[in-house]
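First comes the structure, then the notes that go with it.
In what follows, chains carry the letters A, B, and so on, assigned in the order in which the sequence lines appear, proteins first and then strands, with residues in each chain numbered from 1.
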Amino acid sequence: MPLLAAEGLTRRFGALVANDSVDLTVMPGEIHALLGENGAGKSTLVKMLYGLLQPDAGIIRWKGDAVTLPTPKAARGLGIGMVFQHFSLFDALTVAENVALALDDARPLRAVSDELADISRAYGLPLEPRREVWRLSVGARQRIEIVRCLMQNPDLLILDEPTSVLTPQESEGLFATLRTLRAEGRAVLYISHKLEEVRGLCEAATILRQGRVVDRCDPRQQTAGSLARMMVGAHIAEVRRARAEARIGPVRLRVDHLSVPSEDPQGTALKDVTLEVGTGEILGIAGVAGNGQDELFAALSGEVRAPEAGNIVLEGTPIGWNGINARRRAAAAFVPEERLGHAAAPRLPLSENALMAGHAKGGFTRRGLIDRGRMLGWVDAVTHAFDVRKGPRDPEARALSGGNLQKFVVGREILGKPRLLVVAQPTWGVDAGAASLIRQALIDLAARGASVLVISQDLDELFEIADRMAVIFHGRLSPAYPAEDLTREAVGLLMGGEGFGPGREAA
Amino acid sequence: MTLAEAIFLTVITASTPLLLAAIGELVVERSGVLNLGVEGMMIMGAASGVAVAIVTGSSVLGVVAAIGAGMAMAALFALLTLGLATNQVAAGLSLTIFGLGLSGVVGAPFVGMQRAGIAKIEVPFLSELPLIGPILFRQDPFVYGSVALVAGVAWFLWRTKAGLVLRACGENPVSAHALGYPVLRIRFAAVLFGGACAGLAGAYLSLVLTPFWTAGMTAGRGWIALAIVVFASWLPWRAMLGAYLFGGLIILQLHAQTAGVRVPSQLLAALPYLLTIVALTVIMALRRGGGQVAPQALGRPFVPDR
Ligand SMILES: Nc1ncnc2c1ncn2[C@@H]1O[C@H](COP(=O)(O)OP(=O)(O)OP(=O)(O)O)[C@@H](O)[C@H]1O
Ligand SMILES: [Mg+2]
């Protein structure tokens with residue numbers, strides 16, 4: 001008997017049908033993948049299974065009985081736990097308090113801390129109960145989310161893109177935990193865009209496209225390519241690029257012995273970072289999260305000023321002391337890694353988000369007044385070029401599915417025709433089709449002569465698009481090597497700190 | 001009674017209404033709602049309290065009426081800010097203006113009518129102690145009540161699950177909702193509690209401190225209560241410290257005026273706010289680089305999607 005069976009679940013948002021008569025069956029002791037493009041309706045479906053959204057039609061069966069789930073509490077009561085796509089933690093509260101909030105009985109905090117310690121030991125998920133969440137790394141936050149689900153002893157654990165923010169090592173740790181859960185007879189419903197990961201982990205898959213179930217399969221019998229084809233319904237274009245020698249020209253961006261202390265006490269200071277990006281070149285920066293990527297991005301974008309103006313030189317002009325607007329006016333563009341809150345203001349419509357990124361360069365205003373028509377036209381252009389799927393023409397940023405918002409914030413900058421683009425994690429949470437679209441757009445941008453600096457944890461991505469690659473480790477940057485001279489092993493060693501002797505410059 | 005005793009006693013009576021209103025607003029703000037209408041709720045409490053007390057002849061009924069009036073005002077505020085998700089600052093300011101006006105109407109028939117104050121409670125034996133006896137153990141029920149309230153709120157917010165949930169709503173309502181907590185209902189309860197406390201503070205003014213009604217008698221105490229919450233960095237015991245400090249300043253201001261000290265009264269009146277700024281600066285400097293003091297979602301409307 002299936003553990004969970006959804007029959008004909010339908011959910012509308014206004015005119016948009018996010019889920020159209022979806023059937024889904026999860027067996028006990030199974031890791032079941034839920035696949036689909038950005039905006040296919042995966043998050044919507046699991047939110048209904050967790051009682052957070054109410055279906056417009058259809059029924060949910062749990063162990064054979066039809067159930068209604070008016071609240072997440074009801075779902076938890078049955079034995080359903082969920083880890084959300086965007087963190088649902090409370091930064092100012094401690095780990096133990098965060099866990100207690102997800103429990104339905106009123107256990108004293110001390111008991112929660114004790115049990116938390118037990119569970120985190122049993123599943124190899126280290127956590128300090130008394131720490132406040134804002135002090136923790138992304139990986140540790142993810143562990144809180146998982147531990148607090150496990151505390152309720154669930155029969156079904158739903159994970160919505162849990163690895164899109166994890167480092168490869170952290171992901172491995174998560175998979176080990178999930179396999180332990182499977183061995184205990186629990187089921188996992190697993191949403192991810194990383195198809196290789198799905199092939200290695202899951203034994204069943206349901207594939208959604210535009211709100212409908214289009215296929216079911218055993219991912220172990222498939223290739224990543226065939227899975228992607230099922231999701232998109234068409235062949236995914238290979239990323240093409242021209243030979244590097246033909247296009248790379250003189251240096252446009254030079255970072256010269258840049259050292260910046262971190263503003264965040266838990267952050268990593270940049271130490272003596274030197275790099276160059278030529279015209280028409282894509283420089284990739286690899287590294288395990290938390291090694292100074294955030295600080296490097298902040299220094300390049302102007303969110304944090306460099307100690308010396310000459311530490312950062314753009315087209316011969318020292319810009320280390322310039323602010324973000326001045327840098328944008330010099331035809332630089334930036335896409336930070338956190339799309340909701342940093343790259344886009346959640347409660348503003350897309351057009352106003354576009355205005356905020358573009359106001360320094362002008363074009364959206366006429367005599368100081370906002371030109372709404374121009375803004376909307378811009379939104380349409382980005383939507384069209386990057387295939388952003390959305391309901392209304394100009395929704396609030398938070399109403400977009402995660403991957404579609406990512407396409408929008410990247411597209412907004414690329415269409416602005418920057419001469420320098422600095423982008424962090426360009427394809428996080430983006431489906432295979434859209435990822436290849438974004439990567440191709442970056443390559444085309446470089447082919448037109450722009451300089452592109454990509455900070456990413458995804459080595460496949462960097463090998464696909466970068467001309468040269470460097471590795472950041474403990475705030476220091478390795479020299480950049482031509483991508484074709486590098487192997488994944490070599491980069492992996494650098495990411496682990498090999499060749500970064502203590503106290504001396506990177507070899 | 002010695003002079004020191006007299007000064008301490010007046011400081012306590014001046015501080016108690018501040019403390020009552022502040023502790024209520026502290027709970028409201030911890031839930032993520034900024035209600036700037038404290039002054040309006042307080043004066044409605046004062047007017048209704050005195051009106052009912054005179055009509056019925058019962059101080060207890062007067063106090064109950066004051067609490068009810070504060071809660072009614074708070075409910076109006078909640079309807080606007082929680083039900084209709086309007087801007088909290090605008091709604092709070094309107095509530096104050098509305099309360100100041102309406103209280104004049106309610107209190108008009110009772111202007112100049114004097115009534116007996118509320119009796120003090122004497123703790124046997126202890127009240128006989130020199131100096132601290134009269135100060136600590138010969139007080140009216142409000143003073144004891146306010147201290148108990150601070151202890152209760154501190155216990156509730158940090159020792160109970162319900163208090164944790166309330167703080168969670170003030171930190172991140174989206175996540176609290178995702179976990180299945182009824183954010184709006186919790187905020188509604190907090191706002192009502194704040195209204196009750198403000199009404200009680202009003203009753204103290206019109207039934208104990210000056211047992212008669214005059215229009216506008218709150219004289220900005222609601223605003224000081226708001227400043228105390230910030231001064232206290234949203235911590236109950238610190239709010240008590242702040243209330244007594246600012247109450248002391250009010251008394252100092254009175255004595256300075258009667259003694260003819262040449263300090264502009266405006267400067268003294270502004271002192272609570274200046275101190276709040278100083279306190280905030282010091283607190284932020286001490287916690288440099290770490291976390292926020294204010295509830296993260298303070299003042300932001302929340303609309304759940306279903
Ligand atoms: N609260 C909402 N209001 C309006 N539209 C919504 C809302 N939530 C989701 N949608 C729309 O429903 C569709 C499905 O969204 P959903 O978040 O389920 O996609 P997804 O498959 O999880 O995508 P991703 O992989 O990008 O996370 C999208 O087109 C999205 O814009
Ligand atoms: Mg999603």
Worksheet item: Does B:Asn172 use its side chain to pair, donor to acceptor, with the backbone of A:Ser88 at less than 3.5 Å?
Response: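 Pair absent, no side-chain N/O of B:Asn172 close to backbone of A:Ser88.
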Worksheet item: Short question: side chain of B:Tyr181, backbone of A:Leu101 - any donor-acceptor pair under 3.5 Å?
Response: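 Such a contact is found between B:Tyr181 side chain and A:Leu101 backbone.
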Item to complete: Heavy-atom pairs under 4.5 Å with chain B are the metric here; pick the option from A:Met82, A:Lys47, A:Arg76 that has the most.
Response: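 Looking at each option in turn, the highest pair count goes to A:Arg76.
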Practice prompt. Please report the closest heavy-atom contact between B:Ala176 and A:Phe90, naming both atoms and the distance.
Written response: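 Closest heavy-atom pair between B:Ala176 and A:Phe90: N-CZ, 3.6 Å.
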Item to complete: Would you name the heavy atoms of B:Ala178 and A:Pro72 that are closest together and state the gap between them?
Response: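 Reported closest heavy-atom pair: O-CG, 3.6 Å.
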Item to complete: Report the distance from atom CG of B:Leu179 to atom OG1 of A:Thr71, rounding to the nearest 0.5 Å.
Response: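 Here the rounded value is 11.5 Å.
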Discussion item. With a 6.0 Å cut-off (strictly less than), is the heavy-atom count around CH2 of B:Trp158, excluding the residue itself, greater than 12?
Written reply: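 Count over threshold, so yes.
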Worksheet item: Is the CZ atom of A:Arg389 crowded by more than 12 outside heavy atoms at less than 6.0 Å?
Response: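 Result for CZ/A:Arg389: enclosed.
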Atom pairs and distances, side-chain donor-acceptor, residues 142-150 of chain B, under 3.5 Å, sequence neighbours left out:
residue	atom	partner	partner atom	Å
B:Tyr144	OH	B:Leu136	O	3.4
B:Tyr144	OH	B:Phe137	O	3.4
B:Tyr144	OH	B:Gln139	N	3.3
B:Ser146	OG	B:Phe142	O	3.4
B:Ser146	OG	B:Val143	O	2.8

Worksheet item: Which atoms of A:Arg148 come close to chain B, meaning under 4.5 Å heavy atom to heavy atom: side chain ones, backbone ones, both, or neither?
Response: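 Looking at A:Arg148, just its side chain touches chain B.
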Would you list the atom pairs, donor with acceptor, under 3.5 Å between side chains in residues 160-169 of chain B and any protein atom, with sequence neighbours excluded?
residue	atom	partner	partner atom	Å
B:Thr160	OG1	B:Phe156	O	2.6
B:Thr160	OG1	B:Gly163	N	3.0
B:Lys161	NZ	A:Ala100	O	3.3
B:Lys161	NZ	A:Leu103	O	2.6
B:Arg167	NE	B:Leu157	O	3.0
B:Arg167	NH2	A:Glu97	OE2	3.0
B:Arg167	NH2	B:Leu157	O	3.3

